[in-house]
There are 2 protein chains.
Amino acid sequence: MIDDPVISRTDRTRRAILEAAYTLFISQGYAATSMRQVAERAGLALGSIYNHFASKEDIFSSVLIDRHPYHQILPHLTEARGNTMDEFVRDAASRLVDELEKRPEFLNLMLIELVEFKGKHAPLLFEKIFPDIQILIGRMAVFQDDLRPIPLPMMIRAFIGMFFSYFLTGLLLKDLMPPAMQENSLETFVNIFLNGIKQPSQAENELSTHSSTPETL
Amino acid sequence: MIDDPVISRTDRTRRAILEAAYTLFISQGYAATSMRQVAERAGLALGSIYNHFASKEDIFSSVLIDRHPYHQILPHLTEARGNTMDEFVRDAASRLVDELEKRPEFLNLMLIELVEFKGKHAPLLFEKIFPDIQILIGRMAVFQDDLRPIPLPMMIRAFIGMFFSYFLTGLLLKDLMPPAMQENSLETFVNIFLNGIKQPSQAENELSTHSSTPETL
DNA sequence: CCTACCGATCGGTAGG
DNA sequence: CCTACCGATCGGTAGG
């Protein structure tokens, strides 16, 4: 064979199909995307797709597995650095939000899976991301002494949930929220989370602006 | 006229269409639901729908406005009671999660709006729910002295986000998560949130199990 | 990998 | 409010 044996012609075509389908799914949803659109974007005839995938849903589940947001986000989190709990959480939060803001589209994949497939591919997915979660838990364990007695997996779930929803609410409401609802909002979320998980003895350094009364409304 | 003038025949038909469309949209998504399915479920001929709605999207935006989850959830939150901050937040959290668990479907409406319409109806919606948010902010203001200096709207955003995502992650991963990720998980979320927003002086009562070391992994 | 086709179904409308 | 229809498009396949 003359061609690169590592990336065969078949592989390249298969990837082109997945790439095209990914782009179309996230911008239109699954049901609203036609196989003809996928074919055109991938540069082949409609019929040719079926040499690589058995059906439309087969394409979707393949896209889901190798483009799922968790898969892109968790590795960034496992790279988070910091000498203290505060630094680590801040670094992780800003990596997470950066990544989400850089590619807001790929959240759609997860939402499509939820709405149009009722989460039926979730087991497949969880299997894939579990190792990353284990790594993340391991990295957090270093700071055990600074933490309240909360199971680490629960904390990670709370962390991801909190900042995912920070991003989602911002996305949905960005032009509509009253200013008080968005000023320094990431910093505020980080502080709520940090105070929520840290041992009370450490909780005071720099995070609480002590005597001032809360802003009204 | 013999018929009840308050609920006219036209009104009843219109409602039947909205009810049918709502049920179908949340279970299949928007694009995957056909006007013929809506007509059949509402008990009329396809053509008749167009006497009440201009288009399929017109039906969707009408459904979105009067069935949106926020609209059903925020009133429950404004009814939350409690003499202390802790009681109030616990009551609100359990109301929110109860409501979500009672009707997990209606989250789909919001997700469909996000995926298939990219949030284009959000302004319309926000206008409708803003009064409820104001009420909620007012009720929280009673506890100002127990709170860290965080703008109240930010706190509400954090609250809703945290427990929405608690629900979502539970829904997606319920059978897959390691046990440590779900035991007493709502209670843990509530505690993280409470410790995150309370003044440190009050933060200690009952919430922190002081000396024990965190569970590993 | 393509051409040409299948039956089914789509959103929407005319005309009454 | 219904019947009957429009042109367009759907996922998928046969056959080469």
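Order of the sequence lines sets the chain letters (A, B, ...), proteins ahead of strands, with each chain counted from 1.
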Review point. In residues 21-46 of chain B, which ones come under 4.0 Å of DNA chain D, going by heavy atoms?
Key: Arg36(B), Leu44(B), Ala45(B)
Exercise for review: Please work out which residues in residues 55-64 of chain A have a non-hydrogen atom less than 4.0 Å from an atom of DNA chain D and list them by number.
Suggested key: Ser55(A), Lys56(A)
Practice item. Would you please name every residue forming a side-chain contact (heavy atoms from CB on, under 4.5 Å) with Ala92(B), sequence neighbours left out? Key: Leu77(B), Ala80(B), Phe159(B)
Check your understanding: What residues, two or more places apart in sequence or in another chain, satisfy side-chain contact (heavy atoms from CB on, under 4.5 Å) together with Arg139(A)?
Key -> Arg81(A), Phe88(A)
Check your understanding: Is the shortest side-chain N to carboxylate O distance from Lys102(B) to Glu99(B) below 4.0 Å?
Key -> yes
Exercise for review: State whether Lys198(B) and Asp86(B) are salt-bridged, where the test is any N-O pair (Lys NZ or Arg NE/NH1/NH2 against Asp/Glu carboxylate O) under 4.0 Å.
Suggested key: yes
Exercise for review: Using the heavy-atom set of chain B and a strict 4.0 Å cut-off, write down the first and last nucleotide of DNA chain D that makes it in, 5' to 3'.
Suggested key: dC1(D) to dC5(D)
The criterion is salt bridge (Lys or Arg N to Asp or Glu O under 4.0 Å); which residues satisfy it with [X], sequence neighbours excluded?
{"X": "Glu79(A)", "value": "Arg95(A)"}
{"X": "Glu101(B)", "value": "none"}
{"X": "Glu127(A)", "value": "none"}

Show every donor-acceptor pair shorter than 3.5 Å between a side-chain atom in residues 36-43 of chain B and any protein atom, with sequence neighbours excluded, or say none if there are none.
unit_1: Gln37(B); atom_1: OE1; unit_2: Ser34(B); atom_2: N; d: 2.9

Enumerate donor-acceptor pairs with a distance under 3.5 Å from any side-chain N or O in residues 18-29 of chain A to protein atoms, sequence neighbours excluded.
unit_1: Glu19(A); atom_1: OE1; unit_2: Arg67(A); atom_2: NH1; d: 3.1
unit_1: Glu19(A); atom_1: OE1; unit_2: Arg67(A); atom_2: NH2; d: 2.9
unit_1: Thr23(A); atom_1: OG1; unit_2: Glu19(A); atom_2: O; d: 3.0
unit_1: Ser27(A); atom_1: OG; unit_2: Thr23(A); atom_2: O; d: 3.4
unit_1: Ser27(A); atom_1: OG; unit_2: Leu24(A); atom_2: O; d: 3.4
unit_1: Gln28(A); atom_1: OE1; unit_2: Thr33(A); atom_2: OG1; d: 3.0

Check your understanding: Using Watson-Crick and G-U wobble pairs with both distances under 3.5 Å, what is the 5'-to-3' dot-bracket string of DNA chain D, with [ ] for crossing pairs and | for pairs outside the strand?
Key -> ||||||||||||||||
Review point. In terms of ring plane angle, is the pair Phe117(B) and His121(B) parallel, tilted or perpendicular, where the classes change at 30° and 60°?
Key: perpendicular
Exercise for review: Please check if the distance between the ring centroids of Phe193(B) and Phe189(B) is under 6.0 Å.
Suggested key: no
Check your understanding: Does any pair with a residue in residues 39-59 of chain B pass ring-ring contact (aromatic ring centres under 6.0 Å, His included), and if so which ones, sequence neighbours excluded?
Key -> none
